[in-house]
Each structure stands twice: as C-alpha cells, then as structure tokens.
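One structure is given here, and the rest of the page talks about it.
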Amino acid sequence: MIATPGTVLEGSAGSGVARLSVSQLSKSFGGIHALRAVSFDIAPGEIHALLGENGAGKSTLVKIVSGLHVADHGEVFLDGVPRLFRTPMEARRAGVVAVYQDPKLFPHLDVTENIFMGVQPLHRLGTIDRRRMYDRSAELLCDLEAGLSPTAMVAGLSIGEMQFVEFARAMAEGVDRLLFLDEPTAALTPSETERLFRVVRRLRDRGTSIVFISHRLEELEDLVDSVTVLRDGQHVTTRAAAELDEAAVVRLMVGRSIEDLYPGRTELAAETPRAVPSHLGEVRLSVRGLAQRGVFENVSFDVRAGEVVAMAGLVGAGRSEIAQTIFGATPPTSGQIFVDGKLTKVSNPRQMLSLGLAYLPEDRDGEGLIPRLSIMRNLVLPIMGRLSHFGVVSPARERDVSRRYAADLQIKAQTIDQAVATLSGGNRQKVVLAKWLAMNPGVLILDEPTHGIDIGTKAHVHAIVRSLAERGLAILLISSDLPEVLRMGDRVIVVADGRITGVFSRADATQEAIMSAASRRRELGR
Amino acid sequence: MDKEMIRRCTEAMNEGRMSRRKWLQLMLASGLSMSTISAMLANTGVLVGRADAATPLRVFNVPKFTGFVYFELAKAGGEKACKELGAQQIYIGTTTADVEGQVHVLQNIVPQRPDCIVIAALDINAPVPTLKQARRRGAIVVTFDADVAPAGRDLFINMAPFDVQARAMLESALANAPDGGKAIWIAPTPTVANFISQKKAIDDLIAKDPKFKSIQFVDTLYANDDADKSYSIGTSAMQAHPDLKLFISGSGISTPAINKAIQDTDRVGKVFATGFALPSTMKTYLSSGTCKQYALWSPYKYGYMATYFAILLKSGKIKNAEGVAVDVPTIGSRTIEEGSVADLSSMLFFSKGHDDFDTATPMT
Amino acid sequence: MKRRSTPGALQAESLVVAPLNRAGVGLLRNRALGVSVFLVLLGLLFSGLAPNFATLGNVNTIALNGAILVVVACAEAIVVITRNYDLSIGSTVALASYVGLDIVRHFPHAGPILILAPVAIGTICGAINGVLVAYGRLPSVVATLGTMSVFRGLAFLYANGGQINGSDLPPWVERTATSHIFGISTLLLVASAVVVLASLMLGKLRIGRQIYAIGSNPEAAVFYGLNARRVVFTAYTMAGMLTGLAAFLFAARASWIVPYLAQGLELTALAAVVVGGVSVLGGSGTALGAAIGAVTLATLDNGLVLLGASEFARELMQGAAIVVAVVVDALLQRRLRMVLKMMRDRRFS
Amino acid sequence: MIRRLPGWETTLVVLLVFAGAVASFTSPFYLSFDQISYSLQQSIAVVGLIALGLMAVVVIGEIDISLPAIMALGNILFAQLSQAGFSVWLAFPLVLFVCGLCGLLNGVLVVLLGLPSLAITLGAMGVYRAIALLLGGQQGFADFLPGYFWLGSASISGIVPVPLVVLLIAALLFGFVMHWTVLGRALFACGLNARTAFLSGIRVYAVKIVAFTIAGAMSGLASLVYIGQFQSARADNASDMLLFTVTAVVLGGVDIFGGRGNVVGLILSLLLLGTLENGMGLANVSGSVQTLAIGTVLIVSVLIAQAGSWSTVMKRLGVNS
C-alpha cells in the first residue's frame with residue numbers, strides 16, 4: 001500500500017494509541033547488558049529523539065524493533081498491537097524500517113533499481129514496467145527533494161545521497177508507520193541536513209513517527225517533538241522537547257557524578273583519577289598537519305613519553321581514520337609524522353612497528369585478531385620474526401612469551417592453545433593488548449580499547465594502561481566513553497568532523513566542555 | 001571476508017570437536033560411497049576380463065582412444081582372431097587422444113602380466129619405456145595404425161606401404177575429378193610420421209605417374225583430427241582458393257567433416273573431398289553425390305591380422321624373422337619384411353552402391 | 001527508449017547531479033560498445049591482411065562458427081554476473097547432445113518437438129550445478145570442475161563406445177543447421193533469439209535484476225529480503241537450459257556425435273564473456289556484450305585460420321584475450337571508482 | 001589451531017585401507033609391493049609435487065589452475081635445453097627459475113590488480129600452453145641427454161622408486177616450511193584474515209606473490225620427474241591433470257577458502273586417490289568412469305568439508321532444494 005502523499009494516516013497524533021510502545025525491553029550480549037528493562041512510548045506522527053552516549057543501548061533498541069535482533073525479554077507494541085519481527089523484511093511489511101549510517105545498496109545498479117529491487121511494478125505479463133517505475137522513482141526523489149536523477153549510478157553517490165535512496169525505498173514500499181534514522185547526519189553536509197529535516201517534517205505531517213538517533217543536540221532542537229534519554233542501557237527519561245534545553249539534556253545523558261559511576265561495582269568506584277605525572281619524557285610521537293582528503297585535515301598534536309593523551313569525539317568524527325593513517329595503514333594526502341623525533345618516510349604498518357609504534361584497532365575481531373588461531377599464535381604474530389632464528393620459528397620461546405603476557409594480563413583461558421574465538425570479549429581484547437605489549441612498543445595507540453567489554457575487564461584495562469604510562473610509554477587513547485576520557489587522559493584532544501575542535505588540559509576538561517566541543521559543527525560555528 | 005570467517009568459525013566452534021557419533025557417521029558415509037563406486041564398477045560390465053591366471057592367452061587391445069568406430073571395428077576383428085585361436089581379448093583405452101592417458105593404461109596392463117599387447121600408439125616415444133617393461137616380462141607387442149620406436153615393439157602391421165596408400169588416394173581423387181585440378185592436403189599436425197610419409201609418396205607418385213599429373217597441391221592445412229576444426233578450415237580454405245577442386249586427407253575425421261562443409265556451402269559437384277574415411281561417416285555424402293569415391297583399408301581385417309600375428313608369435317608358431325610368410329585367413333599370405341613390418345594392404349574403394357565393407361570394390 | 005525527464009521543478013539549491021553521473025554510467029554500462037569498436041577494428045585489420053576475409057561467404061562462415069559460441073557465452077554470462085563460474089559447459093554439451101540426439105534417433109517421426117530432449121538434459125545438469133553451488137555452498141570453481149568430469153564420464157558411459165551418425169538422424173535435425181529463413185541461416189536466428197531473450201530476462205524480469213543485485217552486493221541482498229540461494233540456483237538452471245540448446249545446435253551441425261565433443265568449450269565461453277565486458281567481479285555486463293565477445297573470438301579464430309597461423313596461435317589468442325580483458329576490466333572499474341569519487345568530492349567540498 | 005575435523009586425517013587412513021582392500025578384491029595382481037610402488041610412482045609423484053605447490057596457493061585463499069600448463073612448458077624447456085647440449089645439472093635450475101617466474105607473474109597480476117585468481121590463471125593457462133606449443137611444436141621430444149631421466153625413473157637399490165622419494169622429501173620440506181617457519185605462519189595468517197595480518201606487520205602482498213612463485217617452481221620440479229617417467233616431452237602434456245590435482249588438495253582437508261590445511265592430509269589423499277586409480281586401472285575400468293569417480297570424490301569431499309558433517313550436508317541439500 002503506497003502511501004499517496006497528502007492523506008493523513010489513521011491513528012495520527014492525539015488519538016491516544018501510541019505508535020510505538022516498548023515495555024521492559026532487555027537484551028544482553030555475552031555478559032554486557034545492552035538494554036535493561038527499557039519502557040517508553042512514541043506517539044504517532046511525532047519526531048522523537050533517542051539520545052545517549054555510546055554504548056547507552058540506542059542502536060540495540062533500534063535493531064530489536066526493526067527486526068535485526070530479537071530481545072531477551074520485554075515486548076514491542078505497534079499501534080497497540082504486540083509485534084515480534086524476526087527479519088528486517090517482516091518489520092518492513094509491518095511498516096517499520098531502519099536506515100543505518102552505511103546504507104546497504106547495489107553499487108552497480110542505478111538509483112531507481114535500488115529503490116524498487118524486489119518490489120518492481122509489473123506489467124500484466126510479469127515484466128517490469130520500467131516507465132512506471134522510473135516515473136514513480138522520479139516522483140519519490142522529487143518529493144524528498146533528493147536532487148537525484150533516477151538513472152544515477154549508486155556507485156557514484158555520497159553517503160548522504162545513499163540515505164535518500166533508502167528513504168525513497170521505504171516510501172516506495174509504503175513504510176509509513178515508523179522510521180528509525182541511526183546517526184543520519186554524521187556524514188551529511190549542512191545543506192543535506194536541512195533537506196533531510198524538511199523531509200522528516202513532511203513525513204511527520206503525514207502521520208509517520210520518526211525516531212532520530214543522534215548526538216547532534218543542537219541540530220535536533222527545533223526539529224524534535226519529544227526526547228528519550230538512555231544511559232548505560234537504562235531508560236532515564238522521556239519528555240517533550242520543549243521542557244529540555246541542551247545543557248539539561250547533556251546533564252541527563254552524561255550527568256552522573258564520578259562517584260556513583262557504576263552503582264555496586266566497588267573496584268571501579270574506587271578508581272581514583274590518575275595523578276598528573278610530575279615529569280614528562282621527551283616527545284615520542286608528533287603529528288604535523290596530517291590530512292586525508294574528504295576525511296580529516298590539519299591534525300597536529302604531540303604525545304610525550306609517560307603521557308596519556310585522550311582523543312574524544314563522536315562516532316564518525318574521523319578519529320579511527322587518523323589513527324590508521326598514523327599507523328601507515330592508509331597513506332595520508334599531506335602532513336608529517338615524527339617518531340622519537342625522526343620523520344618517517346613511506347609509512348606502512350610493518351615500518352611503524354619496527355619504529356615501536358603499535359595500533360590496537362577498533363574492530364577487534366576483524367582487524368585485531370585472527371579468531372580461528374590460538375591465543376599463542378595471535379599473540380606472537382607481530383614478533384614471529386624476532387623470536388625465530390634464521391626464519392625458523394621456536395615454539396619454546398613463543399610459548400613462554402605468550403604464557404608470560406597471558407598471566408601478566410590475567411587472560412582467563414584453559415590453555416594458550418585455545419582458539420581465540422572461544423574467549424569472551426574482554427579476554428579477546430586482552431589478547432590484542434598482549435599482542436602489542438609483547439613487542440614492547442614506545443608509542444601505543446588504543447582505538448576504543450574498552451568498547452563493548454564487561455565492566456570488570458574495563459577496570460583492569462584501565463589499570464594496565466595506567467601502569468604502561470608510568471613505565472614511560474606514550475599513549476594515545478581514542479575513546480567515546482566520556483568518563484574514561486576524563487579519568488585516563490592527561491590531556492584531551494576533541495575531534496569533530498575531521499578537525500580538532502578543542503584541546504583541554506586535565507584541569508579544565510569537563511564533560512560539558514568536551515561534549516559541546518565534540519558536537520560543534522564545521523559551519524554552524526557556535 | 002571477515003563476516004564469512006566469523007560465521008564459519010562459530011559454526012566450527014559449536015561443531016567443535018567431532019563427537020564420537022558424528023565421526024563414525026562420517027566414516028560410514030564415506031566408506032559407503034567408496035564401496036558403492038567400486039561395486040558399480042565391478043558389475044557394470046565395464047569391468048572387462050576379470051583376469052585369473054588359468055584362462056588362455058590374454059591379448060590386450062589398446063586403441064588410440066575409445067569411442068571411435070574405426071577402433072571399434074579393429075576390436076571386433078581382434079575378437080574374431082582370438083576366438084579362432086582360443087585366446088581372450090581385453091579392450092581398454094583412454095577416452096581422449098591423451099598420450100599420458102595411454103601410458104597410464106599400459107602401466108596398469110604391465111602388472112597383469114599380459115601375453116600380447118596390440119596397440120595403436122598416440123606417440124612414437126612416450127609408450128616405449130612401459131612397452132619395454134612388458135616385453136621384458138614376456139609379452140609380445142604388436143603395433144598397428146601408428147608405430148612406436150622399434151625398441152618398444154616386436155612387430156608393426158602397416159595398413160599398406162605408403163605408395164599403395166598414395167595410389168589409393170590419388171585414384172579416388174581422379175574418380176571424383178577426372179581431369180584433376182588444384183588440391184589441398186589435410187593432415188592432423190605437421191609432425192605426425194605416417195601423414196608425412198603419405199604426402200611424400202603422393203608427391204613421388206604424381207611426379208612419376210603421368211596419370212596423376214593433373215593434380216597439383218596448392219596448400220597443406222592442419223585440422224588436428226578435430227571434426228569442428230576441419231569443418232571451419234574447409235570452409236575458410238574454399239574461400240581462400242575459389243578455384244579449388246580437391247581436398248585430399250588421410251585422416252578419417254577430416255574427410256567427412258569437409259564433405260559436410262562442401263554440402264553446407266553448396267559447392268557439391270564443384271569441390272570434392274576424398275582420401276581415407278570411414279563408411280559409416282561417408283554414407284550420406286556418397287548417396288548425395290558430394291563425394292564419388294574414397295578409399296580405406298578394412299579396420300576389421302586390420303585388427304584381425306594384428307591380433308592373429310601377435311598370438312602366433314606368442315604361441316611360438318612363427319618366428320619374428322624377416323621373410324617369414326603367414327597365410328592369414330580372409331586376407332591372404334603376408335610376409336614379415338625387414339625391420340619386422342608386415343603390410344595389411346587390402347585397400348578398398350567405396351562409391352555409391354558400394355558404401356560398406358562387404359560391398360566395397362577391392363583395389364587391384 | 002527516452003526516459004521521461006524528472007517531473008516538477010527541482011528546488012533551487014538542490015544540485016542536479018544527473019549530467020555528472022552520465023559519465024559514470026557511460027563508462028560502466030556500455031562496455032559492450034567498447035568491444036564492438038574492437039571487433040570492427042579487428043575486422044578491418046584482417047580484411048587488410050587476409051585477401052578474402054571480407055567476403056560475404058567468409059562473414060557467413062564466421063557467423064555460423066560464432067552462432068553456437070554466442071548461445072554458450074550467454075549461458076556463461078548469466079552465471080558470471082552472479083559472481084560465479086561454470087566450468088562444466090563443455091561436458092554438459094557432450095552429455096546433452098549425445099543422450100538428447102540418441103532419444104531423437106529412437107523416435108524419428110516425433111519431429112522438432114524433440115529439440116526439448118537435449119535442452120531438458122542441459123537444464124538438469126544446470127540444476128545440479130545450482131544445487132551444489134547455492135545449497136551445497138560449494139565454491140563454484142570446485143563444484144563445476146567436479147561436475148565437468150562427472151558429466152563427461154556419464155556421456156562416455158552412455159555412449160559405451162558408440163557414436164551417432166548424421167545419417168541415422170531424421171532430416172529435420174540437419175535442416176535446422178543448414179536451412180535458411182528469409183536468407184538468414186537458422187543458426188544465426190536461434191543465436192540472436194537467445195541473445196534477445198537473455199537480455200529481456202536480465203533486463204525486464206525481476207529474477208534478472210536480482211541476478212545483477214546478487215552479483216553487485218551479496219550482503220545487501222539479506223536486507224532486501226532477496227533469496228540469494230534461489231537466485232543463484234535459477235541462474236545455473238537457465239545457463240544449463242541454454243547450454244542444452246547449444247548442444248542441439250552443436251549436434252545438428254556436426255556430421256556425427258561422439259562423447260568427446262566440445263572439449264574445452266567452457267574456456268572459450270569464459271573468454272567470450274570476459275572479452276564481452278562482463279566483469280569477473282560480478283554485477284555488471286550484458287548478454288549482448290557476451291554475444292559480441294563470442295563473435296569477436298570467432299572472428300579472431302577465422303582470421304588466424306585464413307592467415308595460416310597454426311594451432312598454438314588460437315590457444316595463445318584465447319588465453320591472452322582472457323588476461324587482457326580481465327586486466328582492462330579491473331583498470332576500468334578502478335578508474336570509474338576514481339572518477340565517481342572525484343565527482344563526489346567536487347560536489348561537496 | 002581449531003581442529004574442526006580432527007577425524008579428517010584418520011578418515012583418510014581408514015578409507016585408504018578400505019580402497020586397498022577393494023582393489024585387491026577386484027584384481028589379483030594388486031597385492032604386490034613392486035606393483036603398488038610402481039603404480040603409485042607413476043600416478044602420484046608428478047601430481048603430488050604440483051598439489052604441494054597448489055596447497056601453498058589455496059592456503060592463502062587463492063587458486064592457480066595454470067600449474068599443469070607451467071609444467072608442460074617446463075617439459076618443453078627441458079627438451080630444448082637437452083637438445084642444446086645443456087647437462088641436467090644446468091638445465092634443472094634454469095627450468096625451476098623460469099617456472100617460478102611464471103608463478104610469480106600469476107601472483108603479481110592477482111595481487112597487484114586485486115583480481116580473482118581463477119580468471120587470471122585461466123587466461124595464464126592458455127598463454128603458457130601456447131608458449132609451450134610455440135617452442136615445442138606439435139611433435140614430442142625423446143632424445144634427452146643421459147641424466148635427464150634419472151630423477152623420474154631410477155630407483156634406489158632397485159626397490160624404492162626415486163620419484164616417490166622426491167615427493168616425500170618435498171612433502172617434508174613443505175611441512176617444515178608451512179608449520180615451522182615465519183613464512184608458513186604468514187601464509188596461514190594471510191589466508192585466514194589478510195587485514196589483521198597486514199596490521200600485524202606481515203607483508204601480505206609479498207607473501208602471496210611468494211606462494212604463487214613456490215607453486216610455479218614446484219611445477220618445474222614436477223616437470224623433471226615427468227620427463228623421467230615418460231622419457232618424452234610434448235606441449236600438450238598434463239592436459240587433464242588439473243582435476244586430479246585439485247581433488248588431491250581438497251580431499252587432503254585443505255580448506256578451499258584458505259587458512260587451513262596440512263601436508264599429512266595431502267599425502268594421505270594422494271595415496272588414497274592413487275590407490276583408487278590403481279584399483280580401477282587393474283580392473284580395466286574405462287578412462288571415462290575413472291574421471292567420473294574422481295569427480296564424484298571431489299564433490300563429496302568438499303560437500304563434507306563445507307558442511308562439517310554428513311548430516312548437515314543432507315539437511316542443506318534435503319531441506320532447501
């Protein structure tokens with residue numbers, strides 16, 4: 001049933017029945033409680049913002065309602081009717097769709113084919129009615145003011161344009177009840193963001209409920225009708241947008257005093273903030289004017305021996321890209337990198353490793369480990385050459401190095417020959433950490449080291465990082481976890497949209513300051 | 001690739017160590033499939049000549065490749081000779097003209113301690129080491145249709161001396177085009193020994209005998225004993241030489257294929273393709289007049305004579321020496337010439353009305 | 001077929017990106033155009049070198065030789081677009097032609113309806129490949145390498161040393177290969193019909209567009225609710241059907257049918273597909289492109305024969321054609337991505 | 001290393017014994033040491049060397065179907081060098097170098113252009129086969145200098161055939177390189193997760209190209225053994241050796257997606273296939289049925305390897321089709 005523009009759907013605003021109502025929704029992934037008994041309602045024909053820090057459970061909630069995951073317990077009601085979606089297709093047929101940050105499309109085909117794939121309008125004899133399809137596609141694109149030609153090839157589109165294709169597809173399939181937008185504006189230019197908001201408002205007027213998941217508070221101010229804030233998987237509040245200003249929302253999102261960080265976890269609460277190191281060694285890593293066209297530009301900072309520099313910012317700000325460029329995984333378009341004062345020429349991971357610079361990637365299983373190999377094999381992978389003589393590997397030396405580091409980092413496993421895939425998230429992270437410590441690096445770049453691991457291991461990782469700094473390592477800690485940034489960072493660099501938008505010493509680094517610097521947009525310049 | 005890896009390793013993890021039951025299950029399934037394959041082989045009649053020591057002389061007939069009617073007829077001839085002389089023939093070969101394949105077949109025959117091997121070899125040298133091994137173990141090796149280096153065999157039965165072959169082909173050519181004309185010689189490859197000798201004999205005969213002077217060769221093309229290639233070469237050559245009169249080929253595969261090309265490009269009566277070919281493949285062209293006459297020896301008699309000599313040599317009835325004459329039933333007296341070669345030379349001409357082996361007119 | 005322009009006035013500041021993308025579409029879509037240019041150049045070259053290349057008769061010969069390759073190239077193209085390969089085409093032709101024509105031999109008066117016999121056998125072979133690759137989750141190379149030897153073995157087992165001669169087949173079989181309708185050889189008509197039908201299927205039917213989609217981005221198929229396994233299975237079955245038809249044409253044209261027919265045909269088919277601009281990385285390429293690739297190879301082959309080049313030249317050309325076409329395809333794809341990225345940056349920086 | 005199918009090697013051993021039993025049942029000539037050693041030497045020595053090379057390529061997640069063509073090229077080179085009067089001691093390193101170069105070329109094209117290795121090596125097969133035809137023409141060579149045949153046909157004190165010893169040594173060498181050297185570890189790492197390997201400082205491109213080069217060189221070694229066995233060289237040698245080689249590698253438990261496989265499994269699968277072929281040969285089974293049987297073994301072994309167990313295979317094929 002394709003919603004023809006202009007008609008208002010039944011059950012629109014004010015008729016009492018909630019478009020989406022979630023009660024006692026809980027979901028945990030191997031020890032990590034992503035959602036804990038979350039309940040709230042969203043009225044029909046309303047733009048709703050779902051806010052919270054990284055790991056607050058926003059994406060998990062969206063994935064459950066849109067059929068990608070199934071909740072452990074709790075129920076989802078659509079227009080008062082309890083529904084359970086096992087696949088994205090089931091959700092779509094019920095009128096619920098989620099548009100993710102990296103849209104899943106077919107690059108070789110054009111915009112219209114991507115919109116109507118699987119639901120193409122047919123002639124009587126079953127062949128695709130191309131004329132009607134392209135007209136309908138042009139109509140949808142024009143309706144969305146996407147400014148896209150129906151015959152444009154998807155391979156040539158920007159992320160923003162791809163998102164418009166996903167919207168057009170949702171409308172083509174008559175998805176008109178509930179639309180989730182997960183971090184839609186992260187990769188959009190200001191003009192694209194304005195266009196997006198105009199479309200969202202028009203959809204709302206037609207009765208569709210739209211749920212915005214975003215960090216960009218200032219963007220949402222004059223758009224959103226009501227707000228729900230989640231923190232650490234728990235529902236904090238659901239209020240009308242008018243009742244909250246930006247500062248109040250930030251306080252709700254992050255506003256918990258350091259003391260009651262994790263109620264009931266003694267070892268974390270007892271973590272005292274790191275004493276600012278008295279003496280700092282010389283500059284181990286210094287980056288000057290580093291840039292990657294279209295991703296980040298003129299990034300310059302130094303990291304001294306014994307110092308932990310925290311790099312804060314929102315998802316998609318370009319911090320991982322900066323780290324990978326420093327590590328030599330991707331060549332920079334300009335800029336220089338000095339390790340221990342020496343300018344590094346052609347850079348690739350192997351060369352940076354030989355200079356003592358190690359990089360713990362954000363995607364643990366995809367880039368940090370080889371899941372099917374044993375703990376030992378993973379651990380010694382970078383230093384196989386050093387431990388071998390004349391190219392022949394010596395299992396004895398490998399075994400004792402890995403046993404030493406496994407014990408040192410308290411990796412919980414029966415034997416070090418156990419496949420890494422059988423370990424918990426926390427232990428896998430420790431294996432990656434051990435892998436880099438085993439080559440005793442001078443500089444260590446950690447990209448979201450405590451992302452998605454249980455609280456206990458998180459504290460232990462913090463302790464390890466602290467002891468490494470004391471031993472004189474220069475550490476660059478990339479993290480979206482504000483408390484972690486505040487507690488671990490001697491200095492805090494904030495990155496937004498590929499630019500450094502703020503540098504704070506330990507003294508004046510507050511959550512509010514960092515949060516506002518992190519969400520400062522390139523043009524809005526507020 | 002990583003998602004695929006994770007999926008497969010989680011799949012691996014939960015299947016993890018093969019439980020005792022699953023391991024047995026796998027064993028049973030694989031064992032079962034192995035035994036069904038071997039059982040199938042054992043009783044599909046494909047399994048020929050289940051050898052046991054007590055039976056009479058065992059003669060292995062190895063063609064260039066199985067599935068070609070020429071060698072099937074030779075096999076039938078060999079069968080008859082074995083029945084008459086109380087021996088047992090085992091016909092085994094590769095499906096494609098693959099030199100190694102044929103050597104593998106021979107390598108599987110040697111341990112079966114064969115009494116005689118009658119072989120149409122695909123290469124002059126490749127089979128020699130294995131044939132030598134068979135002869136060391138007392139086997140008599142007789143080659144026919146294509147010879148190997150003398151060290152590898154006891155006797156070679158030549159279809160006919162090359163001048164007889166040349167005469168048969170040229171006479172067929174004249175029968176098609178009485179006043180001769182431009183001709184093209186078709187051979188499988190530039191280097192196959194007996195085709196080179198055939199062409200030389202033809203050239204000598206044209207130079208020597210005024211009767212064939214009217215035939216002049218304008219080109220030589222190679223068709224790799226492949227019907228499709230011969231067809232396309234034939235069509236292309238007819239374009240290249242609009243005034244072409246004759247195709248002459250010693251290959252039983254090229255001659256019929258070019259006849260079809262002549263028919264398809266409706267040049268019947270203008271261009272003729274003759275030489276050696278098999279009756280079964282040429283019937284339509286004889287009846288439609290595309291080809292008036294071609295020649296061939298009888299593969300049936302060829303197989304018969306080769307096997308006949310092999311059994312006599314093995315049973316000691318005759319010695320493999322020059323000048324030894326043997327009266328071969330239905331063929332006549334044939335003598336072993338110098339270099340231990342004997343000629344079948346019972347050429348036949350095939351024309352309309354005489355288009356198979358029993359009605360063909362023997363060449364004088 | 002002119003598409004109606006975008007209805008309604010576009011908002012002032014929304015960028016009209018249609019022209020910018022035209023270059024992008026041009027580069028990837030009509031690769032077949034590039035191949036036809038190459039074909040024409042090849043034709044000119046050979047007519048210069050070989051005197052009687054450009055005669056009507058010779059062109060007809062090329063068309064005859066190329067017709068069957070066109071049908072087989074379309075079959076292979078359908079599979080390659082889904083990012084899979086089919087190495088069993090040659091053996092399928094052998095099995096389908098022998099068993100199919102043997103059925104024709106046993107029922108001579110049944111008439112042309114029996115063309116369905118080889119086509120049916122080809123379809124079954126295609127379905128077996130489909131089951132192994134789609135549902136058995138075998139890599140397509142290993143699966144079709146296995147079925148190549150299984151189908152060839154079955155052909156020999158069935159033939160059991162025999163052969164089918166042109167003479168003991170009903171006349172209508174041979175007539176299909178040699179007859180002409182309004183002056184054009186039926187082989188040519190059948191081949192062009194196959195190209196048209198394949199293009200219609202790939203362009204106009206949902207299954208056709210899904211074949212492109214699966215080849216373009218297999219992961220996205222899940223989100224679109226496409227049943228990737230069923231699509232790949234259908235692609236192999238259709239390829240088998242076309243191969244069965246090619247088997248009949250092969251048999252009709254050859255003077256006799258033997259189980260060792262069409263050896264190595266799959267290599268020529270793959271060469272034709274790759275030369276015809278069907279990307280080995282899946283998702284792009286057309287049946288028409290594959291057909292033009294096939295005609296190009298047939299022309300190359302004919303030209304070499306006329307120039308008297310020996311056997312190795314043919315094999316060298318075929319191998320070189322695959323390597324060159326694949327490398328050109330990779331460079332084109334890379335250049336296209338670069339062009340599109342540059343356009344994107346210009347639009348947004 | 002996860003042993004997903006620890007039973008794989010033991011399964012091969014049991015099947016080997018089973019095949020031997022069936023073979024001795026179908027032909028009384030089977031059970032004799034020299035028959036078995038003679039036929040194994042002929043059927044698996046050459047293919048085994050190429051299979052070892054192919055294993056290195058499959059472990060890194062690629063495939064090279066041009067190896068038999070490279071070997072044929074090696075044969076012709078040996079023939080040319082022998083005719084030019086080179087002694088085998090000089091010809092052998094030369095041919096190894098050239099065949100290794102062919103492998104290197106395959107590797108460079110696949111790795112630097114990021115192309116599917118099947119497409120590249122498919123084209124390369126045609127090119128190398130054509131070069132062999134160019135150099136060697138259509139006819140075979142037979143008059144080799146003395147010493148060329150030694151490796152392929154001699155036997156130590158009359159009992160142990162040299163080709164099998166060469167295969168054994170090559171297998172031991174490969175086993176050592178694959179499991180005990182940094183290069184071997186890198187091969188497995190690239191096959192399992194090239195991105196992690198790259199970020200762990202492994203030169204992924206170089207490792208992959210080395211794997212292709214090793215495969216090429218092994219084909220060169222196989223070529224010398226081939227010359228010894230057949231005492232002749234032709235450009236169209238090894239025309240249908242590809243199926244046997246791929247089957248041997250896959251049956252040996254080497255994961256077709258890369259990252260897993262060991263030499264013991266490969267040698268056992270070679271022995272099994274050799275016994276199967278020998279058994280069928282002695283039973284005078286026609287060539288077409290033999291290829292049929294080997295094709296079936298290839299498909300069944302990959303089906304089981306993919307599914308992890310027979311029941312999953314049935315479930316997948318049964319349920320969905």
Side-chain angles (χ1 to χ4, degrees), chain C residues 80 83 85 87 91 127 130-132 134-143 145-157 159-161 229-230 233 259-260 263-264 267 270-271 274 280-281 310-327 329-331 334, chain D residues 63 65-66 69 109 113-138 235-236 239-240 242-243 246-247 250 256-257 286-303 305-307 313 316-321:
Chain C
V80 169
R83 218 184 271 201
Y85 297 97
L87 297 181
S91 307
V131 164
L132 290 176
Y135 298 109
R137 295 187 201 164
L138 261 61
S140 62
V141 173
V142 172
L145 189 62
T147 49
M148 175 165 86
S149 62
V150 169
F151 293 155
R152 186 69 70 178
L154 289 177
F156 274 101
L157 259 181
N160 199 3
R229 297 205 187 292
R230 198 159 39 78
F233 172 77
Y260 48 87
Q263 299 234 323
L267 298 183
L270 264 168
V274 168
V280 286
L281 305 171
S310 70
E311 173 58 17
F312 91 86
R314 203 157 155 245
E315 193 141 345
L316 181 68
M317 279 305 145
Q318 205 169 295
I322 294 181
V323 174
V324 166
V326 168
V327 168
D329 180 58
L331 296 181
R334 190 168 296 203
Chain D
I63 193 164
I65 60 174
S66 66
L109 279 177
L113 288 174
L115 286 167
S117 43
L118 173 85
I120 287 289
T121 54
L122 184 72
M125 174 166 69
V127 171
Y128 296 140
R129 185 69 72 183
I131 296 173
L133 282 168
L134 170 69
L135 294 176
Q138 298 286 359
D236 59 2
S239 47
D240 50 14
L242 180 65
L243 174 72
V246 172
T247 309
V250 166
I256 199 70
F257 285 102
S286 79
S288 59
V289 173
Q290 291 193 23
T291 42
L292 181 79
I294 292 182
T296 317
V297 167
L298 169 64
I299 291 176
V300 168
S301 51
V302 177
L303 266 177
Q306 277 298 91
V313 172
R316 277 190 197 153
L317 294 188
V319 167
N320 307 68
S321 63

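We use all heavy atoms of the structure for the numbers below, so side chains are in, but hydrogens, waters and symmetry mates are not. Lettering follows sequence order; numbering is per chain, from 1.
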**Report entry** Part of Ile120(D) within contact of chain C (heavy atom distance under 4.5 Å)
**Finding:** both
Query - Under 4.5 Å from a heavy atom of chain D, the part of Val141(C) involved - result: side chain
Requested in this report: Heavy-atom distances under 4.5 Å only: say whether Val324(C) touches chain D with side chain, backbone, both or neither.
Outcome: neither
Query raised in the report: To the nearest 0.5 Å, what is the distance between OH (Tyr85(C)) and CG (Leu122(D))?
Result: 8.5 Å
Report summary line: CG of Leu298(D) to CG of Leu138(C), rounded to nearest 0.5 Å, is 8.0 Å
Report task. Under 4.5 Å heavy-atom distance to chain C, tell me which part of Leu109(D) shows up: side chain, backbone, both or neither. Result -> side chain
Query raised in the report: Which atom pair, heavy atoms only, marks the closest approach of Pro139(C) to Ile256(D)?
Result: CG-CG2, 3.2 Å
**Report entry** Ala119(D) to Val280(C) - nearest heavy-atom pair and separation
**Finding:** CB-CG1, 3.8 Å
Query - chain C contact via Ile299(D) - which portion, at a heavy-atom distance below 4.5 Å - result: both
Report task. Could you grab the distance from atom CE of Met148(C) to atom CG of Leu242(D), nearest 0.5 Å is fine? Result -> 6.5 Å
Query raised in the report: Which atoms form the tightest heavy-atom contact between Gly295(D) and Ser149(C), and what is the distance?
Result: CA-OG, 3.1 Å
Requested in this report: Select one option (side chain, backbone, both, neither) describing which atoms of Leu145(C) are under 4.5 Å from chain D's heavy atoms.
Outcome: both
Requested in this report: Could you tell me whether the side chain of Ile322(C) reaches within less than 4.5 Å of the side chain of Val127(D), counting heavy atoms only?
Outcome: no
Report task. Identify which of Leu270(C), Val150(C), Leu331(C) forms the greatest number of heavy-atom pairs closer than 4.5 Å to chain D. Result -> Val150(C)
Query raised in the report: Which one, Leu115(D), Val250(D), Ile65(D), leads in non-hydrogen pairs under 4.5 Å with chain C?
Result: Leu115(D)
